[in-house]
Amino acid sequence: MTISRRRFLQYVTTASAAGTLTTLALPGASFAQSGRPVLKAGDQKGGLRALLEAADELRQLPYDIQWTEFPAAAPLAEALNAGAVDCGPIGDAPVIFALSSGAAIKIVGANRSDAYGTAVLVRPDSTLRTAADLKGKNVGTTRGSIGHFVTLKAITAAGLSPSDVNFRFLPPADTVTALASGSVDAWATWEPYTAVAETTGRARVLVNGRSLWSGLSYLAATDAALAAKQEVLRDFLARVVRAQVWSYQHVDAFSAAMARIIGIPPEAAKLQFSRRATKWLNIDDALIAEQQRTADFYSQVGLLRQPLDVKPTFDRRFPIKV
(Lines give C-alpha, C1' and ligand atoms only; values in the text may rest on other atoms or scores of the structure.)
Protein backbone atom coordinates (compact mmCIF):
# COMPACT_ATOMS: atom_id res chain seq x y z
CA MET A 1 0.00 0.00 0.00
CA THR A 2 1.27 3.47 -0.87
CA ILE A 3 -0.25 6.76 0.22
CA SER A 4 0.64 10.39 -0.15
CA ARG A 5 3.15 11.93 2.23
CA ARG A 6 0.43 14.33 3.39
CA ARG A 7 -1.89 11.45 4.27
CA PHE A 8 0.92 9.62 6.07
CA LEU A 9 1.66 12.68 8.17
CA GLN A 10 -2.02 12.93 9.06
CA TYR A 11 -1.89 9.43 10.51
CA VAL A 12 1.21 10.16 12.57
CA THR A 13 0.13 13.58 13.80
CA THR A 14 -3.38 12.59 14.87
CA ALA A 15 -2.27 12.18 18.48
CA SER A 16 -0.24 15.37 18.46
CA ALA A 17 -3.04 17.46 17.04
CA ALA A 18 -5.81 16.08 19.20
CA GLY A 19 -3.78 14.93 22.13
CA THR A 20 -2.15 17.24 24.59
CA LEU A 21 -4.64 19.98 23.77
CA THR A 22 -7.84 17.98 24.13
CA THR A 23 -9.50 16.26 27.04
CA LEU A 24 -11.89 13.49 26.08
CA ALA A 25 -14.83 12.49 28.27
CA LEU A 26 -16.50 9.14 28.05
CA PRO A 27 -19.95 9.11 26.44
CA GLY A 28 -22.49 9.85 29.14
CA ALA A 29 -19.93 10.74 31.79
CA SER A 30 -20.96 13.74 33.86
CA PHE A 31 -18.14 15.63 35.47
CA ALA A 32 -20.64 17.66 37.49
CA GLN A 33 -22.05 14.71 39.41
CA SER A 34 -21.27 15.07 43.08
CA GLY A 35 -19.74 12.12 44.84
CA ARG A 36 -18.41 10.38 41.76
CA PRO A 37 -14.62 10.24 41.57
CA VAL A 38 -12.89 11.29 38.37
CA LEU A 39 -9.91 9.35 37.06
CA LYS A 40 -7.63 11.55 34.97
CA ALA A 41 -6.25 8.97 32.54
CA GLY A 42 -3.37 9.72 30.20
CA ASP A 43 -3.05 7.79 26.96
CA GLN A 44 -0.61 7.42 24.07
CA LYS A 45 -2.15 7.87 20.64
CA GLY A 46 -5.49 6.62 21.94
CA GLY A 47 -4.36 3.01 22.28
CA LEU A 48 -5.63 2.41 25.81
CA ARG A 49 -8.96 4.10 25.23
CA ALA A 50 -9.40 2.18 21.98
CA LEU A 51 -8.75 -1.08 23.79
CA LEU A 52 -11.31 -0.39 26.52
CA GLU A 53 -13.92 0.99 24.14
CA ALA A 54 -13.67 -1.89 21.69
CA ALA A 55 -13.97 -4.47 24.48
CA ASP A 56 -17.01 -2.64 25.90
CA GLU A 57 -15.25 -2.15 29.23
CA LEU A 58 -16.34 1.47 29.60
CA ARG A 59 -19.91 0.70 30.57
CA GLN A 60 -21.33 0.96 34.08
CA LEU A 61 -18.28 2.67 35.48
CA PRO A 62 -18.59 3.72 39.12
CA TYR A 63 -16.43 6.74 38.30
CA ASP A 64 -15.86 9.14 35.43
CA ILE A 65 -12.78 9.11 33.20
CA GLN A 66 -11.17 12.24 31.87
CA TRP A 67 -8.87 11.25 29.00
CA THR A 68 -5.86 13.22 27.85
CA GLU A 69 -3.97 11.92 24.84
CA PHE A 70 -0.24 12.27 24.17
CA PRO A 71 1.84 11.45 21.07
CA ALA A 72 4.63 9.81 23.10
CA ALA A 73 5.69 8.73 26.57
CA ALA A 74 7.86 11.77 27.34
CA PRO A 75 5.02 14.33 27.50
CA LEU A 76 2.84 11.79 29.32
CA ALA A 77 5.59 11.37 31.91
CA GLU A 78 5.76 15.15 32.30
CA ALA A 79 2.00 15.23 32.89
CA LEU A 80 2.30 12.51 35.52
CA ASN A 81 5.12 14.41 37.17
CA ALA A 82 3.00 17.57 37.26
CA GLY A 83 -0.08 15.74 38.54
CA ALA A 84 -2.04 16.71 35.43
CA VAL A 85 -3.05 13.06 34.97
CA ASP A 86 -3.51 10.30 37.56
CA CYS A 87 -2.24 7.40 35.51
CA GLY A 88 -1.08 6.37 32.06
CA PRO A 89 0.70 3.72 29.97
CA ILE A 90 4.45 4.16 29.74
CA GLY A 91 7.38 2.01 28.61
CA ASP A 92 10.18 0.87 30.85
CA ALA A 93 12.78 3.28 29.48
CA PRO A 94 10.65 6.44 29.79
CA VAL A 95 9.84 5.48 33.37
CA ILE A 96 13.55 5.67 34.14
CA PHE A 97 13.73 9.27 32.96
CA ALA A 98 10.59 10.20 34.85
CA LEU A 99 12.02 8.76 38.06
CA SER A 100 15.40 10.41 37.57
CA SER A 101 13.64 13.76 37.35
CA GLY A 102 11.96 13.14 40.68
CA ALA A 103 8.49 12.11 39.53
CA ALA A 104 6.31 10.90 42.41
CA ILE A 105 4.87 7.89 40.59
CA LYS A 106 4.49 4.16 41.10
CA ILE A 107 4.14 1.26 38.68
CA VAL A 108 0.88 -0.56 39.42
CA GLY A 109 0.61 -2.85 36.38
CA ALA A 110 3.05 -4.43 33.93
CA ASN A 111 2.77 -6.05 30.53
CA ARG A 112 5.15 -7.57 28.03
CA SER A 113 4.94 -7.37 24.25
CA ASP A 114 6.98 -8.69 21.35
CA ALA A 115 9.64 -6.02 20.91
CA TYR A 116 9.86 -6.15 17.10
CA GLY A 117 7.87 -2.95 16.49
CA THR A 118 10.17 -0.86 18.68
CA ALA A 119 12.64 -0.26 15.92
CA VAL A 120 15.02 1.95 14.01
CA LEU A 121 13.47 2.85 10.67
CA VAL A 122 15.10 4.18 7.51
CA ARG A 123 13.75 5.29 4.15
CA PRO A 124 13.09 2.41 1.75
CA ASP A 125 15.93 3.55 -0.54
CA SER A 126 18.45 4.02 2.29
CA THR A 127 21.86 2.38 1.90
CA LEU A 128 21.99 1.65 5.65
CA ARG A 129 21.77 -2.09 6.37
CA THR A 130 22.98 -2.71 9.92
CA ALA A 131 23.25 -0.93 13.25
CA ALA A 132 26.96 -0.40 12.61
CA ASP A 133 25.99 1.72 9.58
CA LEU A 134 24.50 4.31 11.95
CA LYS A 135 27.98 5.58 12.83
CA GLY A 136 28.10 9.30 12.11
CA LYS A 137 24.43 9.37 11.10
CA ASN A 138 21.55 11.47 12.39
CA VAL A 139 18.90 9.51 14.29
CA GLY A 140 15.64 11.18 15.19
CA THR A 141 13.75 10.04 18.29
CA THR A 142 12.21 11.21 21.54
CA ARG A 143 14.70 11.55 24.38
CA GLY A 144 14.35 8.74 26.90
CA SER A 145 11.87 6.81 24.76
CA ILE A 146 12.01 3.08 24.13
CA GLY A 147 13.11 3.98 20.60
CA HIS A 148 16.06 5.88 22.06
CA PHE A 149 16.83 2.91 24.32
CA VAL A 150 16.73 0.35 21.47
CA THR A 151 19.05 2.49 19.36
CA LEU A 152 21.57 2.76 22.18
CA LYS A 153 21.42 -1.01 22.76
CA ALA A 154 21.82 -1.71 19.05
CA ILE A 155 24.83 0.54 18.49
CA THR A 156 26.64 -0.60 21.63
CA ALA A 157 26.08 -4.23 20.57
CA ALA A 158 27.64 -3.25 17.23
CA GLY A 159 30.73 -1.90 18.98
CA LEU A 160 29.82 1.78 18.73
CA SER A 161 29.49 4.31 21.53
CA PRO A 162 26.58 6.75 22.03
CA SER A 163 28.77 9.58 20.77
CA ASP A 164 29.17 7.79 17.42
CA VAL A 165 25.55 8.64 16.58
CA ASN A 166 24.04 12.11 16.30
CA PHE A 167 20.72 11.96 18.13
CA ARG A 168 18.14 14.58 17.25
CA PHE A 169 15.39 14.68 19.85
CA LEU A 170 12.09 15.41 18.16
CA PRO A 171 8.43 14.48 18.64
CA PRO A 172 7.16 11.75 16.26
CA ALA A 173 5.43 14.11 13.81
CA ASP A 174 8.57 16.20 13.36
CA THR A 175 10.75 13.11 13.02
CA VAL A 176 8.56 11.78 10.21
CA THR A 177 9.10 15.00 8.29
CA ALA A 178 12.83 14.97 9.02
CA LEU A 179 13.18 11.40 7.77
CA ALA A 180 11.27 12.14 4.58
CA SER A 181 13.37 15.26 3.89
CA GLY A 182 16.65 13.53 4.65
CA SER A 183 17.58 15.75 7.58
CA VAL A 184 17.73 12.59 9.68
CA ASP A 185 18.98 9.27 8.37
CA ALA A 186 16.91 7.09 10.69
CA TRP A 187 13.92 7.24 13.01
CA ALA A 188 13.90 5.30 16.30
CA THR A 189 10.26 4.71 17.18
CA TRP A 190 7.60 2.27 18.39
CA GLU A 191 4.13 1.01 17.57
CA PRO A 192 1.84 2.03 15.99
CA TYR A 193 4.24 4.38 14.19
CA THR A 194 6.39 1.48 12.98
CA ALA A 195 3.44 -0.41 11.49
CA VAL A 196 2.07 2.74 9.85
CA ALA A 197 5.45 3.48 8.26
CA GLU A 198 5.84 -0.10 7.04
CA THR A 199 2.35 -0.60 5.63
CA THR A 200 2.32 2.76 3.87
CA GLY A 201 5.71 2.15 2.26
CA ARG A 202 7.34 5.17 3.89
CA ALA A 203 10.07 3.32 5.76
CA ARG A 204 11.61 -0.07 6.42
CA VAL A 205 12.96 -1.61 9.60
CA LEU A 206 16.74 -1.38 9.93
CA VAL A 207 16.94 -2.76 13.48
CA ASN A 208 14.08 -4.29 15.44
CA GLY A 209 13.88 -4.48 19.21
CA ARG A 210 13.97 -8.24 19.65
CA SER A 211 16.89 -9.24 21.89
CA LEU A 212 17.51 -5.54 22.60
CA TRP A 213 14.46 -4.49 24.61
CA SER A 214 12.57 -6.33 27.34
CA GLY A 215 9.18 -5.52 25.84
CA LEU A 216 7.99 -4.28 29.22
CA SER A 217 5.49 -1.48 29.53
CA TYR A 218 3.57 -0.29 32.53
CA LEU A 219 0.54 1.42 33.91
CA ALA A 220 1.98 4.12 36.14
CA ALA A 221 0.04 6.16 38.68
CA THR A 222 0.91 9.18 40.76
CA ASP A 223 1.41 8.87 44.49
CA ALA A 224 -1.46 11.32 44.95
CA ALA A 225 -3.84 9.18 42.88
CA LEU A 226 -2.81 6.06 44.80
CA ALA A 227 -3.59 7.80 48.06
CA ALA A 228 -6.99 9.10 46.98
CA LYS A 229 -8.19 6.72 44.25
CA GLN A 230 -6.70 3.31 44.95
CA GLU A 231 -9.91 1.36 44.32
CA VAL A 232 -10.61 3.35 41.16
CA LEU A 233 -7.15 2.46 39.86
CA ARG A 234 -7.69 -1.18 40.82
CA ASP A 235 -10.94 -1.32 38.84
CA PHE A 236 -9.41 0.53 35.88
CA LEU A 237 -6.47 -1.87 35.67
CA ALA A 238 -8.79 -4.88 35.91
CA ARG A 239 -10.81 -3.55 32.98
CA VAL A 240 -7.64 -3.03 30.93
CA VAL A 241 -6.51 -6.61 31.62
CA ARG A 242 -9.91 -8.06 30.68
CA ALA A 243 -9.99 -5.94 27.53
CA GLN A 244 -6.55 -7.22 26.51
CA VAL A 245 -7.71 -10.82 26.80
CA TRP A 246 -10.83 -10.01 24.79
CA SER A 247 -8.82 -8.26 22.08
CA TYR A 248 -6.77 -11.35 21.24
CA GLN A 249 -9.93 -13.42 21.11
CA HIS A 250 -11.35 -10.98 18.54
CA VAL A 251 -8.32 -9.87 16.51
CA ASP A 252 -10.18 -8.73 13.39
CA ALA A 253 -12.91 -6.87 15.26
CA PHE A 254 -10.49 -5.16 17.59
CA SER A 255 -8.05 -4.21 14.83
CA ALA A 256 -10.87 -2.59 12.88
CA ALA A 257 -12.07 -0.71 15.95
CA MET A 258 -8.56 0.44 16.78
CA ALA A 259 -8.00 1.73 13.24
CA ARG A 260 -11.21 3.74 13.46
CA ILE A 261 -10.67 5.09 16.96
CA ILE A 262 -7.03 6.15 16.72
CA GLY A 263 -7.10 7.05 13.03
CA ILE A 264 -4.54 4.76 11.41
CA PRO A 265 -4.85 2.49 8.34
CA PRO A 266 -6.58 -0.85 9.04
CA GLU A 267 -3.53 -2.74 7.75
CA ALA A 268 -1.28 -0.95 10.21
CA ALA A 269 -3.69 -1.48 13.09
CA LYS A 270 -3.85 -5.23 12.54
CA LEU A 271 -0.10 -5.59 11.96
CA GLN A 272 0.99 -3.73 15.09
CA PHE A 273 -1.65 -5.33 17.29
CA SER A 274 -1.25 -8.95 16.22
CA ARG A 275 2.55 -8.99 16.36
CA ARG A 276 2.77 -7.32 19.78
CA ALA A 277 1.05 -10.25 21.54
CA THR A 278 0.71 -8.21 24.73
CA LYS A 279 0.22 -10.03 28.05
CA TRP A 280 -0.30 -8.44 31.46
CA LEU A 281 1.92 -9.77 34.22
CA ASN A 282 2.14 -9.78 37.98
CA ILE A 283 4.95 -7.68 39.37
CA ASP A 284 7.62 -9.97 40.85
CA ASP A 285 11.30 -9.89 41.72
CA ALA A 286 12.38 -11.04 38.26
CA LEU A 287 10.44 -8.27 36.55
CA ILE A 288 11.88 -5.65 38.90
CA ALA A 289 15.37 -6.99 38.17
CA GLU A 290 14.75 -6.48 34.43
CA GLN A 291 13.75 -2.88 35.08
CA GLN A 292 16.87 -2.40 37.18
CA ARG A 293 19.02 -3.59 34.27
CA THR A 294 17.39 -0.95 32.07
CA ALA A 295 18.21 1.73 34.64
CA ASP A 296 21.76 0.44 34.98
CA PHE A 297 22.26 0.56 31.22
CA TYR A 298 21.18 4.20 31.10
CA SER A 299 23.67 4.92 33.87
CA GLN A 300 26.44 3.13 31.96
CA VAL A 301 25.89 5.20 28.83
CA GLY A 302 25.83 8.44 30.80
CA LEU A 303 22.17 9.37 30.50
CA LEU A 304 21.51 9.38 34.24
CA ARG A 305 23.33 11.67 36.63
CA GLN A 306 23.43 9.00 39.32
CA PRO A 307 22.47 5.33 39.69
CA LEU A 308 18.78 4.66 40.24
CA ASP A 309 17.19 2.03 42.47
CA VAL A 310 13.89 1.11 40.82
CA LYS A 311 12.55 -1.25 43.48
CA PRO A 312 10.62 1.39 45.48
CA THR A 313 8.78 2.36 42.30
CA PHE A 314 6.80 -0.87 42.08
CA ASP A 315 3.49 -1.21 43.93
CA ARG A 316 2.49 -4.87 44.33
CA ARG A 317 -0.98 -4.20 45.70
CA PHE A 318 -2.60 -4.68 42.27
CA PRO A 319 -2.34 -8.40 41.35
CA ILE A 320 -3.39 -9.36 37.85
CA LYS A 321 -6.45 -11.61 37.59
CA VAL A 322 -7.37 -13.04 34.18
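Everything quoted here is computed from the prediction, not taken from an experiment. Nothing fancy with the numbering, it's 1 onward along the sequence.
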J.: With a 4.0 Å cut-off on N to O distance, would you call R316 and D285 a salt bridge?
T.: yes
J.: What's the shortest heavy-atom distance between S145 and P94, and which atoms?
T.: CA-CG, 4.0 Å
J.: Are the side chains of V108 and C87 in touch, meaning some heavy atoms are under 4.5 Å apart?
T.: no
J.: Measure up the F167 and F169 rings against each other and bin them: parallel (under 30°), tilted (30 to 60°), perpendicular (over 60°).
T.: parallel
J.: Between R168 and S183, is any pair of side-chain heavy atoms under 4.5 Å apart?
T.: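 Answer yes - side chains close enough.
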J.: Taking all heavy atoms of E198 and all of V205, pick out the closest pair and write down the distance.
T.: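 Closest approach of E198 to V205: OE2-CG2, 3.7 Å.
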J.: Would you please indicate if the ring centroids of F254 and Y248 are separated by under 6.0 Å?
T.: no
J.: Quick one: CD1 on I65 to CZ on R49, what's the gap to the nearest 0.5 Å?
T.: 10.5 Å
J.: Would you compute the distance between atom CG of L216 and atom CD of E290 and round it to the nearest 0.5 angstrom?
T.: 5.0 Å
J.: In Å, rounded to the nearest 0.5 Å, how long is the span from CZ of R36 to CG of D64?
T.: 4.0 Å
J.: Side chains of L61 and D235, heavy atoms from C-beta outward: is any pair under 4.5 Å?
T.: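 Yes; the side chains approach each other to less than 4.5 Å.
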J.: OH/Y298 to CG/D92 distance, rounded to the nearest 0.5 angstrom?
T.: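 The OH atom of Y298 sits 8.0 Å away from the CG atom of D92.
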J.: Kindly work out whether a path of hydrophobic side-chain contacts (I/L/V/M/F/W/Y, heavy atoms less than 4.5 Å apart) joins L271 to V207.
T.: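 As far as the 4.5 Å side-chain criterion goes, V207 and L271 are not connected within one cluster.
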J.: Would you check if the side chain of D43 reaches a backbone N or O of E69 as a donor-acceptor pair within less than 3.5 Å?
T.: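 A pair under 3.5 Å: no.
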J.: State, to 0.1 Å, how close V120 and A186 come at their nearest heavy-atom pair, and which atoms those are.
T.: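 What the structure gives for the nearest pair is CG1-CB, 3.7 Å.
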J.: Have Q292 and D296 got a donor and an acceptor in their side chains that come within less than 3.5 Å?
T.: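 Yes, a side-chain donor-acceptor pair sits under 3.5 Å.
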J.: Under a single-linkage definition using a 4.5 Å side-chain heavy-atom cutoff for Ile, Leu, Val, Met, Phe, Trp and Tyr, are L48 and M258 assigned to the same hydrophobic cluster?
T.: yes
J.: Answer yes or no: is there a donor N or O on one side and an acceptor on the other, between the side chain of N282 and the main chain of I320, under 3.5 Å?
T.: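 Indeed, once roles are kept as given, a pair shorter than 3.5 Å links the two residues.
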J.: Taking a hydrophobic cluster as the set of Ile, Leu, Val, Met, Phe, Trp and Tyr residues connected by side-chain heavy atoms closer than 4.5 Å, whether directly or through intermediates, do V176 and L170 fall within one such cluster?
T.: no
J.: Determine whether D114 and R210 make a side-chain contact, defined as any pair of heavy atoms from C-beta on separated by less than 4.5 Å.
T.: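 Heavy-atom side-chain distance check passes, below 4.5 Å.
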J.: Locate the shortest heavy-atom distance separating A154 from A131; write the atom from each residue and the value.
T.: O-CB, 3.8 Å
J.: Going by the angle between their ring planes, with limits at 30° and 60°, are F314 and Y218 parallel, tilted or perpendicular?
T.: perpendicular
J.: With distance as the sole test, does R202 use its side chain to make a donor-acceptor pair with the main-chain N or O of A180 at under 3.5 Å?
T.: no
J.: Please examine the side chains of I96 and Q291, heavy atoms only from C-beta on, and report whether any two atoms are closer than 4.5 Å.
T.: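 Yes. Closest side-chain heavy atoms under 4.5 Å.
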J.: When you measure from the side chain of E191 to the backbone N and O of A195, does any donor-acceptor pair fall under 3.5 Å?
T.: yes
J.: Is it the case that atom CZ in R275 sees more than 12 heavy atoms from other parts of the structure closer than 6.0 Å?
T.: yes
J.: With the side chain counted from C-beta on, respond yes when L134 and L206 share a heavy-atom pair under 4.5 Å apart, and no when they do not.
T.: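 Result yes, sub-4.5 Å side-chain heavy-atom pair found.
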J.: Under a single-linkage definition using a 4.5 Å side-chain heavy-atom cutoff for Ile, Leu, Val, Met, Phe, Trp and Tyr, are L212 and V95 assigned to the same hydrophobic cluster?
T.: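 L212 clusters together with V95.
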J.: Measuring only between side-chain heavy atoms, which start at C-beta, is R317 closer than 4.5 Å to L226?
T.: yes
J.: What pair of heavy atoms forms the shortest contact from W190 to P172, and how long is it?
T.: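 Looking at all heavy atoms of both residues, the closest pair is CZ2-CG, 4.2 Å.
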J.: Just verifying a value: how many Å separate T142 OG1 and W187 CH2, rounded to the nearest 0.5 Å?
T.: 9.0 Å
J.: Closest heavy-atom contact between D185 and R123?
T.: CA-NH1, 4.5 Å
J.: Using atom types as modelled and distance alone, determine if a side-chain donor or acceptor of K229 lies under 3.5 Å from a backbone N or O of V38.
T.: yes
J.: W246 vs D56, test: side-chain hydrogen bond (donor to acceptor under 3.5 Å, both in side chains). Steps then yes/no.
T.: CA-CA 10 Å; W246 177 92; D56 204 26; over 6 Å; no
J.: Give a yes or no on whether the backbone of K40 and the side-chain of D86 come within a donor-acceptor separation of less than 3.5 Å.
T.: yes
J.: Between D252 and S255, do the side chains contain a donor N or O and an acceptor N or O under 3.5 Å apart?
T.: no
J.: Is a donor on one side and an acceptor on the other found under 3.5 Å between the side chain of R239 and the backbone of L58?
T.: no
J.: Is the centre of the Y63 ring less than 6.0 Å from the centre of the F236 ring?
T.: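 They do not qualify: ring centres at least 6.0 Å apart.
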J.: Side chain of Q272, backbone of G117: donor and acceptor closer than 3.5 Å?
T.: no
J.: Please examine the side chains of L219 and F318, heavy atoms only from C-beta on, and report whether any two atoms are closer than 4.5 Å.
T.: no
J.: Working to the nearest 0.5 angstrom, can you tell me the gap between H148 NE2 and I146 CD1?
T.: 13.0 Å
